[in-house]
Amino acid sequence: MKFSELGLSQDILDAITTHGYVEATPIQEKTIPLTLSGRDVIGQAQTGTGKTAAFGLPILEHIDLENKNIQALIVSPTRELAIQTADELKKLGHDKHVDVQVVFGGADIRRQIQNLKSHPQILVGTPGRLLDHINRKTVKIEHVKTLVLDEADEMLNMGFLEDIESIIKNTPADRQTLLFSATMPPAIKRIGVKFMTNPEHVQIEAKELTTDLVDQYFVRMRENEKFDTMTRIFDVQAPKLAIVFGRTKRRVEELARGLEARGYHAAGLHGDLTQQMRSRVLAQFKSHEINILVATDVAARGLDVKDVSHVYNFDIPQDPESYVHRIGRTGRAGAEGVSVTFVSPNEMDYLRAVEDLTKKRMTALEPASLQDARVGKIKNATGEVNKIVNAVNVNEIQSEVDKLTSQYSSEQLAAALLSSVADLEKQNTPVEITRERPLPRRRGGSGGSSRNGGGRGGDRRRGGNGGGGYRGNRERRSNGGDSRNNGGQRREAREGGASNGERRFSDYKRRDGRSTERHSNNGGAPRQRREFTVREKD
Ligand code: ADP
Ligand code: MG
């Protein structure tokens, strides 16, 4: 549908055109008119479907430039998402001269305070840092007209519920509240009931996803062959920009190091990195300085990087919904993508569960031979060779050049140059990837495949939420730079959270032993617990 049919004013429509959007996405089409009318809205749609503009455009529409108060507050789970959202709003609000500011943890608070003095009409922030500012009275939100809880499921997973409640309590009761989320676990519905007024629930079914644009493959091979299999496929497919998903932080570290050792431009992204490191890695990826980003689900969630051509699931996710999120990293905004999932024979039930959810069959891909990989790598070197040839100054080395040209044919020299640039030696660098505990046998295979995506997603998520809490603590600890600087009550809460995590960890060890036992008995520990044990290692 055209944006012009949604009730937006000409100013905003012009900004949309400048921004390059032609048609509204389904979530935009369905929520924008409701939001413009002042209703509270719960919007559920997959990542990458344009939720930012869905809430951003009506907000921009309603901004009163004469009013010096913060009129819209957007709460966002991570620094990266907050920045991304603020950037999008800045672009869309540029012509209208709307001032958008962003605050997040792990960055100098004094500078943020300085920036806030410009009296932004829109503020985007992460929960912890927003509360810091609210407590310091450097952010006043008592005149907020619209409050947005963005990526709400992720915020709950990260343990931000209390912070969010505290923030909400500082906003006026007659505000408009918008909540956007990729999934709708019961905890989010409860927020809807508690903090929203008669919200309209808009859900875009997963089948409207863009996965049609992604060619989905799987490769079946033994666990210990995964790394070699993957790098050979890299050499054949020559991904321009790829994300590799690993199940745990250790995995991500090892994969990133292993890939570097084999000569790829790769780096890892996970929750244990400092914010600074995370930003650096992301910036390198966005500028194509590295073209392979290795990440955990949590770290990559919601990130909008343009032109990701390939997604590689080094580990198949335990939760089929995660697969959909991962694949959503490519095939964005009409571009085509490729995904390859590596599965060991005992994980085939997980593959089927994914296919049940996406209602698409993945195509089996033959592992590439070493020969294919060598040829691929040499072909990929052509671009680099062109650069070298164009940059070289023959005169400087005339006599050596003459010697070689009298000795070898140009064909031989060209082939040698290609092989050298391709650095085929590196292809064989031995890389050890530590074995992770295999996924538990999936009970009942693809059973329970009621295909009503939303409800089912909710239930599944609930299983993961136990782990999410712990994971949240970990993330928060890494975010914790800011709270530690600022001391006070929240610091206690956070450190309390972390030790809570530790307690669960020892719990996990115990469970681990037990579940192995059960596994050998083939009894199967309760699914929820298993999911928990795997997730918490992330
Ligand atoms: P979500 O929050 O649902 O994950 P985003 O708001 O981050 O998705 O949008 C994903 C990408 O799609 C962004 O690059 C955004 O600029 C782009 N986008 C959003 N709306 C449109 C549209 N109507 N047409 C084309 N691209 C769009
Ligand atoms: Mg979003």
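Counting convention: from 1, in listed order, for ligands and their atoms alike. Predicted model, so just to flag it, every value in this text is computed and none were measured.
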Under a 4.0 angstrom heavy-atom cut-off, which atoms of ligand 1 come close to T49? 1 (P), 3 (O), 8 (O)

If you check every N/O/S atom of E151, which is the one nearest the Mg ion (ligand 2)? OE2

Using a strict cut-off of 4.0 Å, indicate which atoms of ligand 1 neighbour a heavy atom of F3. 23 (N)

Residue portion contacting ligand 1 (non-hydrogen atoms closer than 4.0 Å) for E23: backbone

Do D108 and Q112 have side-chain atoms, one donor and one acceptor, less than 3.5 Å apart? no

Provide the number and element of each atom of ligand 1 under 4.0 Å from a heavy atom of T52. 2 (O), 5 (P), 6 (O), 7 (O)

Quiz: residues 86-93 side-chain donor-acceptor pairs under 3.5 angstrom, not counting sequence neighbours:
from, atom 1, to, atom 2, distance (Å)
E88, OE2, Y21, OH, 2.6

Indicate, with yes or no, if the rings of Y323 and H325 have centres closer together than 6.0 Å. no

Ring pair (Phe, Tyr, Trp, His ring centres under 6.0 Å) against Y264, all qualifying residues, sequence neighbours excluded: F234

Which one holds for F180 and ligand 1: side chain close, backbone close, both close, or neither close, with close meaning a heavy atom under 4.0 Å? neither

Could you tell me whether the side chains of S322 and D297 share a donor-acceptor contact shorter than 3.5 Å? no

Where ligand 1 meets Q46 - atom numbers and elements under 4.0 angstrom, heavy-atom basis: 3 (O)

Test E436 against K249 for salt bridge (Lys or Arg N to Asp or Glu O under 4.0 Å), laying out the working first. CA-CA 11 Å; E436 293 287 343; K249 289 172 184 163; over 6 Å; no

Polar contacts were defined as any N/O atom of the residue lying under 3.5 Å from an N/O atom of the ligand; does this apply to K51 and ligand 1? yes

